[in-house]
Amino acid sequence: MNESIYHIFRSSSEDTDIMNELFFHFFIAALVVFILVAGFLIFIVRKYKSKKLEKDKYTVLENRSTERITLFIASVLVIVFLFLTVKVMFRIQQTPSEEQKPFVKITGHQWWWEIEYLGDTLFTANELHIPTGDKFVALMESADVVHDWYVPALGRKIDMVPGVTNFVWMQAREPGVYEGMCNEFCGAQHTWMRVEVFAHEPEEFEKWFQEQKQKAVEKPDTLFQKGKQLFQDKVCANCHTIRGTSAKAKVGPDLTHFASRNKMLGGKAEVNFQNIKDWIEDPQKMKHGAYMPNFLMTEEEINALAHYLHNLK
Ligand code: CUA
């Protein structure tokens with residue numbers, strides 16, 4: 001479960017296998033063409049290097065039959081690869097049937113991901129948890145500008161366009177952590193719009209899912225209660241949801257189980273007490289351009305709020 005090496009050819013899905021295979025064909029063809037062209041060039045240079053050109057003798061600058069042959073080879077290559085590419089495109093973007101209900105809806109925001117488990121109205125953010133096994137369909141939307149979902153090992157990438165619902169097939173055959181990122185420039189923090197997909201064995205996934213469906217924890221200690229109160233009073237609740245409390249807004253990420261996540265700020269920072277504090281204290285310092293406001297809280301307030309959030313496992 002701890003493996004999280006980003007590898008361009010890593011594949012855990014049928015679709016990525018097919019795309020990798022296509023890439024390999026392209027690569028071989030390009031390599032052969034390169035070797036032929038470079039080899040021919042070297043051959044010509046060496047063959048004629050010592051000959052003095054007599055102006056009048058070397059005026060023929062065309063060779064029609066060579067041109068025809070190269071044009072023919074190039075055309076065949078273009079046609080073959082067009083065919084192979086279109087074939088792959090159709091294989092990986094099949095319209096789901098009636099029974100193939102979408103599993104999640106992922107919405108791109110500047111600069112984080114909102115994940116909704118359809119049918120169960122469970123919302124999470126920045127981490128996608130899925131069961132291993134068959135392909136599933138995900139719906140893709142954007143809340144603001146064009147984003148692009150890309151987790152290479154799990155399938156193709158797909159644009160998230162405001163006002164349009166796209167879909168994409170994903171699959172993880174093996175359990176593990178799969179890294180991805182936004183692939184369309186979407187503003188100041190495009191770089192920090194990463195995502196980690198956690199693929200669990202189905203039973204493990206079910207366990208995670210049931211835990212996430214629980215309401216937020218409740219703790220009796222004073223600091224926790226103070227933080228909870230501040231969350232309401234300091235208008236955090238105007239943007240975030242914490243299920244089980246009166247915070248129900250959906251501008252920023254759902255924080256019900258915030259501390260169960262590995263990372264925050266679109267992957268920029270680990271979820272730990274210090275980072276939560278730094279974030280509340282000065283959001284712009286941690287992630288310039290982010291829409292999280294600075295509420296100019298006192299050290300004591302920041303401490304209580306961070307304590308509260310850090311307990312939302
Ligand atoms: Cu979202 Cu780049």
Side-chain angles (χ1 to χ4, degrees), residues 4-10 12-13 15-16 19 89 92-93 102-118 122-130 136-172 177-199 239-241 249-255 258 261-271 275-276 278-279 282-294:
S4 76
I5 303 154
Y6 177 68
H7 188 288
I8 194 167
F9 293 117
R10 187 181 177 200
S12 193
S13 73
D15 289 357
T16 306
M19 288 186 285
M89 284 165 69
I92 64 175
Q93 194 67 3
F103 179 53
V104 286
K105 183 167 94 181
I106 304 173
T107 307
H109 293 253
Q110 283 174 315
W111 291 273
W112 60 281
W113 311 94
E114 176 188 308
I115 293 146
E116 178 185 0
Y117 288 85
L118 296 163
L122 172 66
F123 285 88
T124 63
N126 291 326
E127 271 180 9
L128 173 63
H129 289 253
I130 55 168
F136 63 87
V137 183
L139 299 180
M140 295 291 177
E141 291 184 356
S142 167
D144 35 49
V145 299
V146 181
H147 301 279
D148 187 282
W149 171 270
Y150 192 31
V151 184
L154 307 186
R156 63 162 296 178
K157 68 194 186 80
I158 189 91
D159 271 358
M160 305 163 113
V161 183
V164 176
T165 304
N166 278 338
F167 71 89
V168 70
W169 289 92
M170 271 187 250
Q171 182 188 21
V177 185
Y178 300 93
E179 294 187 352
M181 72 292 286
C182 178
N183 249 261
E184 182 71 51
F185 181 72
C186 55
Q189 289 295 343
H190 158 71
T191 315
W192 287 112
M193 193 164 167
R194 311 240 173 130
V195 65
E196 281 182 334
V197 180
F198 294 80
C239 289
H240 297 279
T241 294
K250 290 178 51 53
V251 180
D254 185 305
L255 300 176
F258 166 67
R261 297 174 199 150
N262 264 1
K263 293 186 181 151
M264 52 195 261
L265 317 189
K268 194 170 187 191
E270 305 259 317
V271 173
N275 283 341
I276 299 170
D278 292 347
W279 176 235
D282 192 353
Q284 293 307 310
K285 198 172 157 193
M286 269 192 101
K287 196 174 180 181
H288 182 75
Y291 291 109
M292 165 93 163
N294 186 340

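Since this is a predicted model, take the numbers as computed values, not measurements. Heavy-atom basis, side chains included; hydrogens, waters and symmetry copies ignored. As the structure lists them, so they are numbered: ligands from 1, and atoms in each ligand from 1.
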Nearest 0.5 angstrom please: Asn126 CG to Trp112 CH2, how far? 7.5 Å

Could you label the plane-to-plane angle of the Tyr291 and Trp111 rings as parallel, tilted or perpendicular, counting under 30° as parallel and over 60° as perpendicular? parallel

Qualifying residue for side-chain contact (heavy atoms from CB on, under 4.5 Å) with Trp169, from Ile92, Val137, Leu154: Val137

Are the charged groups of Lys105 and Glu141 less than 4.0 angstrom apart, N to O? yes

Is the ring pair His190/Phe185 parallel, tilted or perpendicular, if the boundaries are 30 and 60 degrees? perpendicular

Counting distance only, does the side-chain N/O of Thr16 pair as donor-acceptor with the main-chain N or O of Pro152 below 3.5 Å? yes

Near atom 1 (Cu) of ligand 1, which protein N/O/S atoms are found at less than 2.8 Å? His147 ND1, Cys182 SG, Cys186 SG, Met193 SD

